[in-house]
Engineer: 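Have a look at this one before I ask anything.
Throughout, protein chains are lettered first and strands after them, A, B, ... in sequence-line order, and every chain is numbered starting at 1.
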Amino acid sequence: MDIPSKYSAQTVESKWYDYWMTHNYFHSTPDDREPYTIVIPPPNVTGVLHMGHMLNNTIQDVLIRRARLKGKNACWVPGTDHASIATEAKVVAKLKAQGIDKNDLSREEFLKHAWEWTEEYGGVILEQLKKLGCSCDWDRTKFTMDEDMSEAVIKVFVDLFNKGLIYRGYRMVNWDPEAQTTLSDEEVIHEERTDKLYYVKYKIEGENAYVTIATTRPETILGDTAVCINPDDERFTHLKGKKVIVPLCDRVIPIIEDDYVDIEFGTGCLKVTPAHDVNDKDIGDRHNLDVIDVLNPDGSMNSFGLHHEGKDRVIARKDVAKELEDMGLLVKTESIVHNVGTSERTKAVIEPRLSDQWFLKMEDLAKPALDAVLTNGEVKLFPKKFENTYRHWMENIRDWNISRQLRWGQQIPAYYYGDGKEDFVVAQNLTEAVELAREKTSNSELKASDLTQESDVVDTWFSAWLWPMNVFDGIRNPENEEIKYYYPTNDLVTGPDILFFWVARMIVAGYEYKDSRPFENVYLTGLVRDKQRRKMSKSLGNSPDALKLIDDYGAGGVRVGLLLSSAAGNDLMFDEALCQQGKQFANKIWNALRLVKGWEVDNSISQPNSNRIAIEWFESKFQKDLVEIEDHFSKYRLSDALMTIYKLVWDDFCGSFLEMVKPSYQKPIDAQTLEKVNTIFEEVLKIVHPFMPFLTEELWHFIKERSPEEALIVAKWPETKSIDEALISEFEFASEVISGIRNIRKQKNIASKDAIKFSVVNNENATSTFDEVIFKMGNLESFNYVEDSIEGALTFRVKSNEYFIPMEGSIDVEAEIKKLTEELNYTEGFLISVQKKLSNERFVNNAPEQVVASEKKKEADALAKIETIKGSLASLQ
RNA sequence: UGAGGUAUAGCUCAGUGGUUAGAGCAUCACGCUUACAUCGUGAAAGUCAUAGGUUCGAAUCCUAUUACCUCAACCA
């Protein structure tokens with residue numbers, strides 16, 4: 001079979017992906033083999049592939065392909081997340097563009113639009129993953145809003161409610177006025193902002209005196225229900241027990257005392273607005289204060305805003321300040337840098353808001369999950385440093401607000417039958433709800449139409465946390481064969497940004513519902529940043545087009561490029577040059593096979609000794625690196641594993657091995673060697689395959705015709721064999737000799753095609769194993785062992801061996817002396833440092849025996865080398 | 001503000017108390033030698049952030065400082 005001179009990634013990649021799909025290699029069903037399972041972190045259903053996904057999924061594909069080669073029953077479950085707030089925001093925007101207001105639609109109408117949107121854009125990202133080469137079991141593709149998935153979510157909600165872990169509470173939550181929904185604490189991003197701090201005077205009731213407070217939010221003055229001082233603040237002793245009058249609305253409110261107030265900050269006097277600040281709410285609860293909410297859900301002022309009613313809070317802030325100034329109550333303003341919570345999705349400034357929400361008690365649930373990571377090691381985080389972060393979060397876990405005022409998601413299965421706080425039941429469906437409600441009310445006449453279902457949906461993560469169980473239907477059918485076979489899964493690969501959102505909660509759910517970990521290892525990737533260390537984001541426009549990268553460098557090039565510099569947990573400074581390097585690596589391997597394929601076989605010639613040695617050496621070197629690669633993989637150091645492979649292939653396989661066995665120009669190769677070379681090539685392709693699946697599969701079939709059962713994707717990972725360490729170090733020595741020859745050729749401009757005479761004084765008693773290799777690689781005319789230095793020759797040294805290349809014409813004695821002197825100086829300096837150690841009695845007495853022995857060996861080697869150099873110098877002078 | 005992390009070659013990073021500290025890329029020089037110029041051969045490049053300490057011995061362990069990163073924090 002002829003190999004094209006260039007590797008065309010595009011045609012090759014689609015060809016093999018189709019081939020793999022046709023032959024169903026990605027599909028897994030339970031069998032006798034050991035399972036290896038990964039569930040994909042489901043991307044947003046309407047999302048598009050970005051660099052983070054590329055990195056993430058490349059890692060997963062490397063792991064899954066490697067497991068497949070190792071004979072495991074590899075199962076990678078793909079899917080997408082309905083991403084309630086993100087998707088709903090997009091649908092709302094689309095409707096708005098069409099002139100439709102979400103609030104004018106019924107729930108059913110809105111959901112119809114959302115499903116249309118999902119069907120139109122959904123799954124694009126999964127198609128993109130195929131381009132990257134991801135070998136997911138597409139037959140298992142799941143969506144968090146699939147009917148069975150939703151059913152399980154509801155089942156879990158009902159169960160947790162019945163266990164008393166879910167409750168309804170009037171709490172202060174993070175309110176996104178843009179999306180008009182609550183957000184969990186994790187969805188709030190705190191941004192540093194510069195705002196104005198307003199100093200406002202409040203008149204003291206019955207006195208012609210004022211007290212000054214400082215606030216960044218004058219519009220909430222209308223919601224003030226107290227002014228608070230620190231009881232220890234001596235400046236304000238005279239205020240104790242008095243009242244003040246709220247400006248603008250002239251409400252009379254008490255001056256209260258609470259330790260919370262920081263004497264140092266502002267004026268030391270705090271206005272308390274329980275409806276709009278968590279801390280104020282706490283103070284309010286302690287002092288039984290009224291709660292006055294001045295805002296509408298969209299962030300505009302309500303009737304408590306008086307003549308500011310209807311204005312957005314930001315506008316009202318300025319207007320109120322102006323009004324206060326006109327009234328002479330604004331003492332001063334100053335700039336202040338503080339943190340403001342913003343919505344992760346809509347970027348809107350978050351309002352603390354009191355409302356009825358559903359909460360999940362976390363404290364008890366978190367305990368097994370905490371132990372799993374920190375005590376018994378059932379779940380391991382890579383890198384380990386995230387354990388601290390995990391501990392910190394889990395130990396300070398707060399109840400999870402799981403309700404969202406959205407429509408796109410699983411509707412909370414609570415059914416109200418009255419206006420009382422407790423007038424509701426929680427049930428799997430309406431029929432059961434009716435029954436329950438009849439029981440609870442003792443009213444057997446109650447009908448379905450008397451019940452109203454809660455309009456809120458659950459937080460997206462409340463479905464995502466069940467993902468590893470739910471994709472195998474483990475919630476609805478806990479004893480089914482698949483969940484028993486595939487669960488717990490093996491590895492989870494995701495970004496540290498969702499360690500709490502998702503990873504921790506999956507662990508919680510795993511212990512609660514399967515009484516076991518959801519996965520054994522969590523590989524936390526870093527963020528993908530650009531060369532200037534900026535986060536890649538749409539707004540900065542610094543994120544390269546993922547698909548264009550694949551077009552430009554091939555999926556293999558991009559995969560290698562991404563993994564070359566991405567240690568687990570470390571941010572990845574993405575640089576397209578790395579993809580270029582990946583592409584060049586593909587080219588290198590491609591051309592290696594072209595070389596081998598170009599060789600003519602001659603069955604009549606026997607195997608040269610140099611080839612036999614070369615094969616033995618490479619097999620050992622391969623094994624040695626294989627051990628290293630396994631070790632890297634075991635620690636999830638994929639980048640190091642890849643680099644080891646890269647060097648093994650480029651330097652050892654192409655640079656040394658193929659050069660050693662390569663027949664000379666237009667000469668044939670012996671059959672025995674060629675067969676071995678092919679076998680070795682196959683072993684190399686196997687270890688490269690997880691990183692560059694397409695290229696290696698293509699070459700695999702170029703080496704010989706294969707049936708579908710013999711495809712590389714399902715080949716057998718190389719077995720480990722014994723390593724001949726001596727052979728490897730002998731080769732290293734020989735390499736230095738070859739380098740020495742090349743150096744001299746270079747310095748003296750001796751063309752590599754001109755054969756040269758070569759002699760050695762073998763002071764080291766080096767073995768002659770690689771002499772034939774040296775002969776060939778150095779293009780020697782002769783290779784003699786001699787007892788004494790050769791006059792009129794160029795020299796170099798390896799350890800204490802001295803090598804000679806006789807030169808026609810004159811030798812530059814000055815240059816030789818200079819070179820020798822430099823070597824001598826270095827070696828003597830080295831010797832001194834070693835001897836200094838050895839003459840230190842405390843070192844000799846305290847250091848371990850083998851350390852002292854190795855120092856002594858160094859000393860002896862250095863002395864021998866010095867001897868050699870001095871001899872050469874003497875003969876030159 | 002707190003917690004955690006990081007600091008080693010121009011860049012990205014290895015380095016497990018014991019080699020006068022390594023790799024890949026980039027740079028420079030030379031070479032189109034019949035797989036690959038997407039290549040080959042070679043060279044140069046480091047006060048291991050700073051200051052102390054422990055130790056026979058520190059890039060490695062400890063302390064402090066500085067800088068950067070991440071996470072957590074609603075001093076109004």
Engineer: Could you say whether A:Cys654 or A:Ile738 is positioned toward the 5' end of RNA chain B, judged by the nucleotide with the nearest heavy atom to each?
Structural biologist: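 Upstream on the strand: A:Cys654.
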Engineer: Checking all strands, does A:Gly829 fall into the base, sugar-phosphate, or nothing category for heavy-atom contacts under 4.0 angstrom?
Structural biologist: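 If one applies the 4.0 Å heavy-atom cut-off, A:Gly829 turns out to touch a base.
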Engineer: Just name whichever nucleotide pairs with B:rA72, Watson-Crick or G-U, keeping both distances under 3.5 Å, else none.
Structural biologist: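 In the structure as shown, B:rA72 has B:rU1 as its Watson-Crick or wobble partner.
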Engineer: Would you say A:Ser739 reaches B:rG42's phosphate, i.e. side-chain N/O to OP1/OP2 under 4.0 Å?
Structural biologist: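 True: A:Ser739 side-chain N/O within range (under 4.0 Å) of B:rG42 OP1/OP2.
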Engineer: For B:rC36, take OP1 and OP2 only and decide whether either is under 4.0 Å from a side-chain N or O of A:Tyr7.
Structural biologist: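 For B:rC36, OP1/OP2 do not have a side-chain N/O of A:Tyr7 under 4.0 Å.
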Engineer: Heavy atoms under 4.0 Å, any strand shown: does A:Asn339 hit a base, just sugar-phosphate, or nothing?
Structural biologist: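 It contacts base atoms.
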Engineer: Could you go step by step and tell me if A:Arg286 and A:Asp282 meet the salt bridge (charged side-chain N to carboxylate O under 4.0 Å, His left out) rule?
Structural biologist: CA-CA 6 Å; A:Arg286 286 197 285 273; A:Asp282 290 345; 5.3 Å; no
Engineer: Would you say A:Trp650 reaches B:rA35's phosphate, i.e. side-chain N/O to OP1/OP2 under 4.0 Å?
Structural biologist: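 So the side chain of A:Trp650 is outside the cut-off, no N or O lying under 4.0 Å from OP1 or OP2 of B:rA35.
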Engineer: Provide the Watson-Crick or G-U wobble partner of B:rU38, both distances under 3.5 Å; none if there is no partner.
Structural biologist: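 B:rU38 is paired with nothing.
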Engineer: Using only side-chain N and O atoms of A:Arg742, determine if any of them is under 4.0 Å from OP1 or OP2 of B:rU33.
Structural biologist: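 No, A:Arg742 has no side-chain N/O under 4.0 Å of OP1/OP2 on B:rU33.
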Engineer: When we call it a touch if two heavy atoms are under 4.0 Å apart, what does A:Lys6 touch: a base, just sugar-phosphate, or nothing?
Structural biologist: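 The answer is base, as A:Lys6 lies within the cut-off (heavy atoms under 4.0 Å) of a base atom.
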Engineer: Expressed as a whole number of angstroms, how long is the span from A:Lys583:NZ to B:rC25:P?
Structural biologist: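 Those two atoms, NZ and P, are 17 Å apart.
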Engineer: Counting only side-chain nitrogens and oxygens, does A:Gln584 get under 4.0 Å of the OP1 or OP2 atom of B:rC36?
Structural biologist: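 No, A:Gln584 has no side-chain N/O under 4.0 Å of OP1/OP2 on B:rC36.
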Engineer: Just to be sure I understand the rule, does A:Ser752 reach a base, reach only the sugar-phosphate, or reach nothing, if contact means heavy atoms closer than 4.0 Å?
Structural biologist: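 Contact class for A:Ser752: base.
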Engineer: Looking at A:Val340 and A:Asp195, what are the two nearest heavy atoms and their distance?
Structural biologist: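 Answer, listing the atom of A:Val340 first, then A:Asp195: CG2-OD2, 4.0 Å.
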Engineer: In whole angstrom, give the distance that lies between atom CZ of A:Arg745 and atom P of B:rA43.
Structural biologist: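 After rounding, the reported distance stands at 17 Å.
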Engineer: Calculate the interatomic distance between A:Leu572 atom CG and B:rU6 atom C1'; express it in whole Å.
Structural biologist: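 After rounding, the reported distance stands at 17 Å.
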Engineer: Report the distance from atom CZ of A:Phe585 to atom C1' of B:rU38, rounded to the nearest whole Å.
Structural biologist: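 Computing the A:Phe585:CZ to B:rU38:C1' distance gives 13 Å.
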Engineer: Given that both distances must come in under 3.5 Å, which nucleotide forms a Watson-Crick or G-U wobble pair with B:rG17?
Structural biologist: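 Check on B:rG17: unpaired, no WC or wobble geometry under 3.5 Å.
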Engineer: For the base of B:rA43, is there a side-chain donor-acceptor partner from A:Gln747 under 3.5 Å away?
Structural biologist: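 There is none.
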Engineer: Under 4.0 angstrom, heavy atoms only, what part of the nucleic acid is A:Arg637 near: base, sugar-phosphate, or nothing?
Structural biologist: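 Sugar-phosphate, backbone atoms only, no base.
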Engineer: Hey, does the side chain of A:Arg529 come within less than 4.0 Å of B:rU70's phosphate (OP1/OP2), counting only N and O?
Structural biologist: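 Result: yes.
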Engineer: Strictly distance-based, threshold 3.5 Å: is any side-chain N or O of A:Lys281 a donor or acceptor partner for the main-chain N or O of A:Pro352?
Structural biologist: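 Answer holds: no.
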Engineer: Paired with B:rU65: which nucleotide, if any, by Watson-Crick or G-U wobble criteria at under 3.5 Å for both distances?
Structural biologist: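 For B:rU65, the partner nucleotide comes out as B:rA49, under the 3.5 Å rule.
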Engineer: Give none if B:rU54 has no partner; otherwise give the nucleotide forming a Watson-Crick or G-U wobble pair with it, both distances under 3.5 Å.
Structural biologist: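 Per the H-bond distance test, none.
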Engineer: For atom P, what is the distance between B:rA45 and B:rG22, given to the nearest Å?
Structural biologist: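 About 14 Å, rounded to a whole number of Å.
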Engineer: Of all the nucleotides listed (B:rA76, B:rG24, B:rG40), which has the minimum atom distance to the side chain of A:Lys588?
Structural biologist: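 Output: B:rG40.
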Engineer: Between the protein and nucleotides 56-62 of chain B, list the N/O to N/O atom pairs that are separated by less than 3.5 angstrom.
Structural biologist:
unit_1 : atom_1 : unit_2   : atom_2 : d
B:rC56 : O2'    : A:Asn840 : ND2    : 2.7

Engineer: For the pair made of CD in A:Glu859 and P in B:rU19, what is the distance, rounded to whole Å?
Structural biologist: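 Going from CD in A:Glu859 over to P in B:rU19 covers 16 Å.
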Engineer: Measure from NE2 on A:His338 to C1' on B:rA76 and round the result to the nearest Å.
Structural biologist: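 Nearest whole value for this atom pair: 10 Å.
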Engineer: In whole angstrom, give the distance that lies between atom CD of A:Gln580 and atom P of B:rC39.
Structural biologist: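 Value for this atom pair: 9 Å.
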Engineer: Picking from B:rA76, B:rU12, B:rC71, which would you name as closest to the side chain of A:Leu270?
Structural biologist: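 Nearest to the side chain of A:Leu270 among the choices is B:rA76.
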Engineer: Starting at NZ of A:Lys746 and ending at C1' of B:rU33, how long is that distance when rounded to a whole Å?
Structural biologist: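 Going from NZ in A:Lys746 over to C1' in B:rU33 covers 12 Å.
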Engineer: How far apart are the C-alpha atoms of A:Gln580 and A:Gln584, what are their side-chain angles, what is the distance that settles it, and do they pass the side chain to side chain donor-acceptor pair (under 3.5 Å) test?
Structural biologist: CA-CA 6 Å; A:Gln580 182 60 29; A:Gln584 286 168 206; 3.0 Å; yes
Engineer: When the nearest nucleotide of RNA chain B is assigned to A:Gln581 and to A:Ala592 on a heavy-atom basis, which residue is associated with the more 5' position?
Structural biologist: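 Its nearest nucleotide lies further toward 5', so the answer is A:Gln581.
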Engineer: Both distances below 3.5 Å, Watson-Crick or wobble geometry, any strand: find the nucleotide opposite B:rA43.
Structural biologist: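 Base partner found: B:rU27.
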